[in-house]
2 protein chains.
Amino acid sequence: MEKSASLWERSRQAAVAEIVDTALTLFEEQGYEATTMAQVASKAGVSQRSLFRYFGTKEDLVCSDQDALGEVLVGAVAAQPAELSTWDALRAGFTAILAASNHTPQRVLEISRLIFTTASLRSRYFEKRLRWQHALVPVIEQRMGIESGEVPDARAMGVIATTFACVDAATELWVLHGGKADAFELYEQALAAVRA
Amino acid sequence: MEKSASLWERSRQAAVAEIVDTALTLFEEQGYEATTMAQVASKAGVSQRSLFRYFGTKEDLVCSDQDALGEVLVGAVAAQPAELSTWDALRAGFTAILAASNHTPQRVLEISRLIFTTASLRSRYFEKRLRWQHALVPVIEQRMGIESGEVPDARAMGVIATTFACVDAATELWVLHGGKADAFELYEQALAAVRA
DNA sequence: AGACAGCTTGGCAGTGACTGACAGGTTGGC
DNA sequence: GCCAACCTGTCAGTCACTGCCAAGCTGTCT
């Protein structure tokens with residue numbers, strides 16, 4: 001059972017990785033919108049139906065690993081020592097994401113550029129990020145000494161949303177600078193201006 | 001020429017308003033996803049083709065007036081006296097949006113709930129909001145005494161993105177509270193926690 | 001008044017993302 | 001070798017959305 005599961009799982013992982021690879025290549029060659037799912041399927045050697053079974057949507061071809069990164073983020077923030085300020089804990093979460101990424105920096109830049117220059121991808125990205133924010137609410141509420149109600153607390157939401165906003169701004173600027181600027185430094189600048 | 005233009009324009013406005021009305025009714029009755037554009041078209045008495053000419057996308061049936069509100073926002077922020085702090089100027093912009101809305105509070109709540117509970121609508125909403133943010137960059141840069149480069153400044157981006165983040169958080173909480181809470185108060189709470 | 005130009009509208013056919021149903025093949029447990 | 005669980009491909013269909021073309025309405029010019 002376990003062996004079989006892992007065998008299926010392994011071949012599945014390999015297939016997924018290869019499909020993502022060919023898809024990204026096509027997207028960069030001819031653009032995201034101009035590339036059809038049928039094209040990706042035939043070039044990757046799978047049927048269109050299976051392609052949609054692996055990735056529920058076309059956007060997931062680019063954003064598929066976001067879910068896993070979200071769990072990394074929440075876990076890392078929750079694991080920070082209580083002495084750390086809320087801001088530092090959140091920042092530690094995002095550095096954990098950077099460390100958990102299994103792409104080369106060059107690849108990350110390509111994907112980020114693709115996301116930020118394609119409307120539907122950017123939308124999808126923001127939606128996933130919104131789910132991360134909601135998952136963080138109880139963690140941050142506890143850290144700020146707020147008892148969790150059925151509706152999130154405005155202060156916790158504000159802090160979380162602000163952190164994401166600055167991370168986003170830094171990421172977008174990093175892409176606009178062609179990856180030459182230090183994204184971390186941009187984030188610090190943005191947040192410092194906010195909290196000044 | 002002018003008369004005829006305004007005549008066309010007026011009948012167009014009336015048609016648009018009526019279409020939006022029937023669309024929102026359908027969306028509330030049977031849900032956004034479950035309602036097809038063909039249904040909206042036939043119930044509104046226009047062809048499907050014309051419906052897509054009025055509203056380029058299904059989401060625009062709900063978010064169509066966002067563009068106009070964006071201009072109101074940018075204009076209001078730019079019109080604030082220089083003595084006002086950046087934060088106060090941005091807040092004034094959002095109160096201007098509230099004042100410019102031509103819907104009843106009940107209607108605003110319904111639309112907001114629809115947007116926040118429907119993934120595709122929320123995505124579209126965020127995308128439009130992102131465009132507002134970009135439009136605000138030069139205005140805020142000038143107000144913060146930053147010379148505009150070809151790439152936005154991280155500090156200006158951070159302040160703008162944070163303001164939007166807190167407005168969003170407040171709006172979402174306002175919807176979650178069923179419109180009973182004071183959205184403005186929620187915004188103040190969120191921003192105060194951020195800048196504490 | 002009547003021809004003309006500009007603009008709008010509707011019908012039609014097509015594309016592309018996505019889904020459900022069905023049939024066949026593969027894998028692992030007995 | 002058999003059975004059950006699972007995966008895969010094919011097909012047909014839905015729905016948002018678009019280009020194309022013909023028909024209609026409006027105001028203008030002669």
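Only a predicted model underlies this, so the values are computations on that prediction, with no experimental measurement involved. In the text below, chain A, chain B and the rest are named by the order of the sequence lines, each starting its count at 1.
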- Task: Under the side chain to side chain contact (heavy atoms under 4.5 Å, CB included) rule, what do H134(A) and E172(B) come out as? Steps first, then yes or no, please.
- Result: CA-CA 11 Å; H134(A) 286 142; E172(B) 184 174 355; 2.7 Å; yes
- Task: Nearest whole angstrom, please: distance from the P of dT8(C) to the CG of L51(B).
- Result: 16 Å
- Message: Within the 4.0 Å heavy-atom criterion, would you say Y54(A) contacts the bases, only the backbone, or no part of the nucleic acid?
- Response: sugar-phosphate
- Query: Is any side-chain N of the basic residue among R143(B) and D88(B) closer than 4.0 Å to the acidic one's carboxylate O?
  - Reply: no
- Query: Can you give one letter per nucleotide of nucleotides 15-21 of chain C, going 5' to 3': B for a protein heavy atom under 4.0 Å from the base, S for sugar-phosphate only, - for none?
  - Reply: -SSBBBB
- Query: Is the closest basic N to carboxylate O distance between K43(B) and D21(B) below 4.0 Å?
  - Reply: no
- Message: Measure CG/L61(B) against C1'/dC15(D) and give the value in whole Å, please.
- Response: 14 Å
- Message: In this structure, how many angstroms lie between the P atom of dC15(D) and the CD atom of Q30(B), rounded?
- Response: 11 Å
- Query: Just wondering, are more than 12 heavy atoms of other shown residues or ligands nearer than 6.0 Å to CD in Q142(B)?
  - Reply: no
- Message: Taking only side-chain N and O atoms of S47(A), does any of them lie within less than 4.0 angstrom of OP1 or OP2 on dT8(D)?
- Response: no
- Task: Answer yes or no: are there more than 12 heavy-atom neighbours, outside E29(B) itself, under 6.0 Å from its atom CD?
- Result: yes
- Task: Assess whether atom CD of Q30(A) is packed by more than 12 heavy atoms of other residues, nucleotides or ligands within 6.0 Å.
- Result: yes
